2 protein chains.
Amino acid sequence: MSYALGMSGVKSRREQYSEATRAALLAAAARRFAEHGFAGTALEDVAADIQATRGAVYHHFANKTALFRAVHEQAETAMLKRVEAAAAVHADDVYAAAGAALEEFLDCCCEPDYGRLVWQEAPLALGWPEWKASEEKYAFGMIEQTINALMDAGAMPALPATTMARAVFQLLGGAGIELAMTPDPDKIRVKDEYLQVLGYMLGAGPVEPAGPTGPTGPTGLAGPA
Amino acid sequence: MSYALGMSGVKSRREQYSEATRAALLAAAARRFAEHGFAGTALEDVAADIQATRGAVYHHFANKTALFRAVHEQAETAMLKRVEAAAAVHADDVYAAAGAALEEFLDCCCEPDYGRLVWQEAPLALGWPEWKASEEKYAFGMIEQTINALMDAGAMPALPATTMARAVFQLLGGAGIELAMTPDPDKIRVKDEYLQVLGYMLGAGPVEPAGPTGPTGPTGLAGPA
DNA sequence: GTCGGAAACATACGCTGTGTATGTCGTATG
DNA sequence: CATACGACATACACAGCGTATGTTTCCGAC
């Protein structure tokens, strides 16, 4: 057993190089996957972007799917971090927190890569079962939590929570993919329209066309009566 | 120009044979695509199901994508026909018609093939832009029509209709895919839960847990106040 | 310091599957 | 009955994944 220093936090030069190429591969793969889709990208090209060969890819990842899995996981954790940070600002107000989280999520989807990667390619690349299991950990888990909080607060009748969460989940996914594919100049408008519609559907009532910093917050989620 | 009889409705024996194999190919492809996905099915296997070779496939269809396109279009028109028939029963009542259409659509999605084909494989096989354009003609067009009717009837505030339709569209798609993947014994329960949730989101208010033939119809869509 | 040894790649190969080009056979038509 | 065309089957070229096998470079021990 050599390389005993690996676990002490000190990285040998070889390890540093290796991690660098691995990171570079991930970055290149993310770009390619987001732009040309999973099936549309050849590992040869990914490797070429790094001035390497497919050998490097297959050294760091078991296969094409594993590479995508890594890219996907990276994108998801980054999103989750952003959304949690946005929600944490309103730790005292459930409604404001939900609204902030919602908007931050939609912003993530405006990032050209995220929507395509997570909502379009992932189910294909990973297969629906694994994709669903993955979302259970990320977006879906977060949504279910929020839904439960809103139900407890009385802002929403006690419907089957899981199915409700799934519906919202799918709704956000649709909005996300739509936003990801919308040309830049229209993004803001479409996003606002989605916020309105989501506010109506979740708040379960007509919503005044509040400005982005209106009295009920950007989502139009109405507080308790 | 020979075969002048082709346009008089009379089919020569050759044409009959040709159409038969074409139809058989479509049927076989539909099964394969639904079961193993687009990327997971080899044209070789599709042809083998017909006791033919890939030559036959490439004779009738330009390429793999074109074959899928034909299968997809067939599934969509069949669905549309069913839903329209279900809605036509309640020609006088907008709410009942919308409810019947909704439930029939979900039933279509319970068909093992439809959900997977249309909502999972189609965007991949056809590419997102073409898939979206296609849905514009089928499901989405129908939904937008219904939404407009509901808005006109005052059952729904005048939100951005197109975005609202897109949201509902995505919602139904999600329900469809979920139902398509749900094991048989749970299908009825999940479908009912979705009907409840959809009723809440669309009717924009709490919904009494009505039975399948309750006073407000199976969707829980409330009539005008 | 030098000497195994292993990690980090590169190179070479086989396989599967698509798309295309060419061949063959039957059938409709003059 | 000869000929042409449609409906396929066969054969081939090529791309892309996965694997097996080198080759180099660094690390650690003696």
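In the text below, chain A, chain B and the rest are named by the order of the sequence lines, each starting its count at 1. Model, not experiment: these values are computed from the prediction. Computation of the quantities below employed the complete heavy-atom set of this structure, encompassing side-chain atoms and omitting hydrogens, waters and symmetry-equivalent molecules.
Rounded to whole angstrom, the span from the CZ atom of Phe61(B) across to the P atom of dA7(D) amounts to 13 Å. Between the CD1 atom of Ile50(A) and the C1' atom of dA10(C) there is a distance of 16 Å, rounded to whole Å. Atoms CD (Glu19(A)) and P (dC26(D)) sit 17 Å apart, rounded to a whole Å. The CD atom of Glu15(A) sits 15 Å away from the C1' atom of dT25(D) (whole-angstrom rounding). dA10(C) atom P lies 11 Å from atom CD of Gln51(A), rounded to whole Å. As a whole-Å value, the separation of Leu67(B) CG from dG19(C) P is 11 Å.
Test Arg82(A), Lys187(A), Lys191(A) against Asp107(A) for side chain to side chain donor-acceptor pair (under 3.5 Å) and you get one pass: Lys191(A).
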Checklist entry - For Lys137(B) and Glu73(B), what are the C-alpha separation, side-chain angles and deciding distance, and is it a side-chain contact (heavy atoms from CB on, under 4.5 Å)? => result CA-CA 10 Å; Lys137(B) 282 195 311 188; Glu73(B) 211 139 331; 4.0 Å; yes
Checklist entry - Do Lys81(B) and Glu104(B) pass the salt bridge (charged side-chain N to carboxylate O under 4.0 Å, His left out) test, and can you show the C-alpha distance, the side-chain angles, and the key distance before you say yes or no? => result CA-CA 10 Å; Lys81(B) 209 167 200 171; Glu104(B) 186 69 16; over 6 Å; no
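Put simply, Thr21(A) has a side-chain N or O that comes within less than 4.0 Å of OP1 or OP2 on dC9(C). Using a 4.0 Å cut-off, some side-chain N or O of His59(B) falls inside it from OP1 or OP2 of dA7(D). For the OP1/OP2 pair of dC9(C) and a distance below 4.0 Å, the side-chain nitrogens and oxygens of His60(A) include at least one atom meeting the criterion.
Ring geometry for Phe68(B) versus His72(B): interplanar angle under 30°, hence parallel rather than tilted (30 to 60°).
Glu35(A) CD: 12 or fewer foreign heavy atoms inside a 6.0 Å radius.
In this structure, a donor-acceptor pair under 3.5 Å is present between the side chains of Glu144(B) and Thr162(B).
Out of dT11(C), dA8(C), dA9(D), the shortest distance to the side chain of Thr53(B) is found at dA9(D).
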Checklist entry - Could you write nucleotides 11-19 of chain D as a row of B, S and -, 5' to 3', where a protein heavy atom under 4.0 Å of any base atom gives B, of only sugar-phosphate atoms gives S, and otherwise -? => result ------BBB
